Every structure is written in C-alpha cells, then in structure tokens.
Amino acid sequence: MSDVMKAGLRQMPGGSWKLWVRGSTGALTTELEATGPGVLPPPADRTAALASLGYRPADPASYASGWGWQESENRVGTLQLVGRTAVVALDGARPPGLPSQPAVARREEPLTSEELGDLLGPEAAGWPGLGLTVWRGGILRHMADQQVKVFRGGELIGFTEQSRAIPEQRIYKAVVHIDHEGLPYGDGFPPGTMPADPVKAQEEKKARFNS
C-alpha cells in the first residue's frame with residue numbers, strides 16, 4: 001500500500017484556493033478557482049485537483065467527509081479557512097466523482113547547479129553539491145518562478161523573495177520559524193546576496209533570532 005501523506009487546502013487572498021501535497025523532496029501545488037465568497041470547492045473538484053498531482057484521498061469511501069477544517073489566523077491577522085486530509089499516491093484507479101476537466105497543476109522541478117548559477121549567481125550554484133534540493137517557485141501564491149525554495153531532505157531551510165525596492169534583485173531568507181499554518185518566517189540577507197552554505201546560514205540566523 002502507498003505511504004499515507006498529508007494534503008492541505010487554503011483559501012488565498014484573491015479568493016481562489018491553493019491545494020498542496022508535501023513530500024520528502026518538496027511540495028506539489030495546484031490552484032482551484034473560487035465558486036463564490038467563502039464557498040468551499042466541491043469534493044469532486046478537490047479530488048480532481050489531488051489527481052492532477054498524482055494523489056487520491058487515503059479513504060476514497062469518505063472523500064467528501066475526510067477533510068478537517070479550521071479557521072486559522074495568518075501572519076497579518078486575517079482569518080483563513082484551512083483544510084487537511086490524508087492522501088496516497090494514485091494506483092491507476094480513477095477516484096470517484098472526477099469532473100470532466102481536472103484542475104491544472106504546476107509540478108515543481110528541481111533546479112540544477114547551472115540553472116541556479118544563471119538565476120541567483122555563483123554562490124547558489126554550489127547548493128546542490130551540499131546535498132540540498134532546490135525547487136522553483138515561492139512559498140506564496142503570487143511569487144514568480146524566479147523565486148526558489150531550498151530543502152535539506154524534507155526540511156525547508158531557506159527561500160528567496162523579490163526585493164520590493166529593486167524588483168530585479170532577490171532576497172534570500174533563512175527559515176528561522178514555522179508558524180501554525182506551516183508558513184515559514186525568514187531572516188533575510190541583503191538584496192542580491194546569496195549564502196554559499198544555506199545550512200550554516202540558517203543555523204546562524206536561528207541562533208541570532210533566538211538569542
């Protein structure tokens with residue numbers, strides 16, 4: 001039997017919904033369109049979105065009721081509705097209730113040293129050689145593909161954001177804390193500065209953050 005994993009669903013500020021399945025090498029994400037203010041995506045649409053990522057509910061018989069929902073306050077004090085459920089990898093069987101047009105997923109791909117060098121500079125090119133996995137995309141919905149997430153095994157240790165002052169520059173943030181919604185807080189480096197060793201950078205930032 002496939003390993004049971006967790007999937008999550010959160011309504012985004014623009015009204016759409018973001019669904020994700022997090023594995024040992026990062027997260028797969030897709031979006032579901034809003035059907036109305038505060039209206040949950042129907043069970044069939046949730047199941048279709050999971051299928052587009054290669055997963056199904058762990059218990060197909062209860063796929064409509066297997067989601068747990070709660071209101072959760074984000075970092076800016078806004079309440080968000082967050083749902084979670086258990087999923088397993090698809091085994092070739094089509095889950096029940098799929099609509100004819102499944103959700104479109106953007107499957108993240110790991111970046112090579114060459115791609116990182118072109119995107120972020122020579123320091124970032126060395127990250128894969130340290131045993132780190134780097135994925136395209138930011139931690140929030142509207143972050144562009146020029147943003148990246150850095151993983152050590154299944155742990156997110158850093159990510160980049162676009163500089164507000166100089167949009168063409170990237171700010172690297174070492175993860176120092178994960179909030180109750182699973183979103184990381186990061187301690188930033190100067191715009192355009194990438195650490196040669198993200199693991200060491202995270203340890204140093206955490207020590208400074210906790211002191």
Side-chain angles (χ1 to χ4, degrees), residues 3 5-8 10 12-14 16 18-31 49-50 52-55 74-75 89 103-179 181-210:
D3 292 337
M5 303 172 66
K6 292 293 185 181
R10 176 187 293 113
M12 306 305 292
S16 64
K18 178 180 179 180
L19 182 143
W20 70 93
V21 178
R22 185 169 298 280
S24 60
T25 56
L28 301 176
T29 65
T30 189
E31 292 183 16
L50 285 172
S52 73
L53 298 177
Y55 291 87
N74 63 17
R75 289 176 288 179
V104 177
R106 182 178 67 81
R107 187 178 294 270
E108 298 176 346
E109 298 292 341
L111 290 167
T112 65
S113 294
E114 291 76 14
E115 289 172 323
L116 283 167
D118 291 340
L119 186 65
L120 300 175
E123 292 85 1
W127 294 348
L130 300 174
L132 305 176
T133 306
V134 186
W135 300 85
R136 291 187 184 277
I139 61 171
L140 298 177
R141 177 189 173 207
H142 295 297
M143 285 185 174
D145 284 343
Q146 285 76 20
Q147 311 305 325
V148 303
K149 300 183 289 285
V150 183
F151 286 86
R152 177 175 58 177
E155 177 193 8
L156 176 65
I157 64 169
F159 56 94
T160 62
E161 290 182 350
Q162 188 176 33
S163 169
R164 294 182 180 180
I166 309 175
E168 62 271 17
Q169 288 186 331
R170 303 289 174 264
I171 298 174
Y172 183 87
K173 290 192 172 182
V175 174
V176 296
H177 179 71
I178 301 290
D179 71 12
E181 292 183 15
L183 292 175
Y185 292 109
D187 196 5
F189 289 72
T193 304
M194 299 293 147
D197 186 342
V199 176
K200 182 178 179 181
Q202 185 197 36
E203 292 172 350
E204 292 175 348
K205 291 288 187 179
K206 277 187 173 180
R208 195 172 302 123
F209 184 82
N210 295 323

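The shown structure was predicted, so the numbers you read here are calculated from the model rather than taken from an experiment.
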Identify which one of Q147, R170, K173 satisfies the side-chain hydrogen bond (donor to acceptor under 3.5 Å, both in side chains) criterion when paired with T160.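 When Q147, R170, K173 are each tested with T160, the side-chain hydrogen bond (donor to acceptor under 3.5 Å, both in side chains) holds only for Q147.
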So how far is it from D197 CG to W127 CH2, rounded to the nearest 0.5 Å? 10.5 Å
Can you measure from OG1 (T133) to NZ (K149) and round to the nearest 0.5 angstrom? 12.5 Å
Mind checking whether V199 and L130 have side chains closer than 4.5 Å, heavy atoms only? no
So which heavy atom on [X] is nearest to which on [Y], and how close?
{"X": "P198", "Y": "P195", "answer": "CD-O, 4.1 Å"}
{"X": "L156", "Y": "V150", "answer": "CD1-O, 3.5 Å"}
{"X": "I157", "Y": "R152", "answer": "CG2-CB, 4.1 Å"}
{"X": "P191", "Y": "Q169", "answer": "CB-OE1, 3.1 Å"}
{"X": "K205", "Y": "G188", "answer": "NZ-O, 3.2 Å"}
{"X": "L19", "Y": "A49", "answer": "CD1-CB, 4.2 Å"}

In terms of ring plane angle, is the pair F189 and Y172 parallel, tilted or perpendicular, where the classes change at 30° and 60°? perpendicular
Strictly distance-based, threshold 3.5 Å: is any side-chain N or O of K206 a donor or acceptor partner for the main-chain N or O of H177? no
Under a 3.5 Å distance rule, please check whether S113 uses its side chain to pair with a backbone N or O of A125 as donor and acceptor.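 Indeed, once roles are kept as given, a pair shorter than 3.5 Å links the two residues.
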Pair listing, salt bridge (charged side-chain N to carboxylate O under 4.0 Å, His left out) test, anchored in residues 110-128, at least two apart: E115-R136
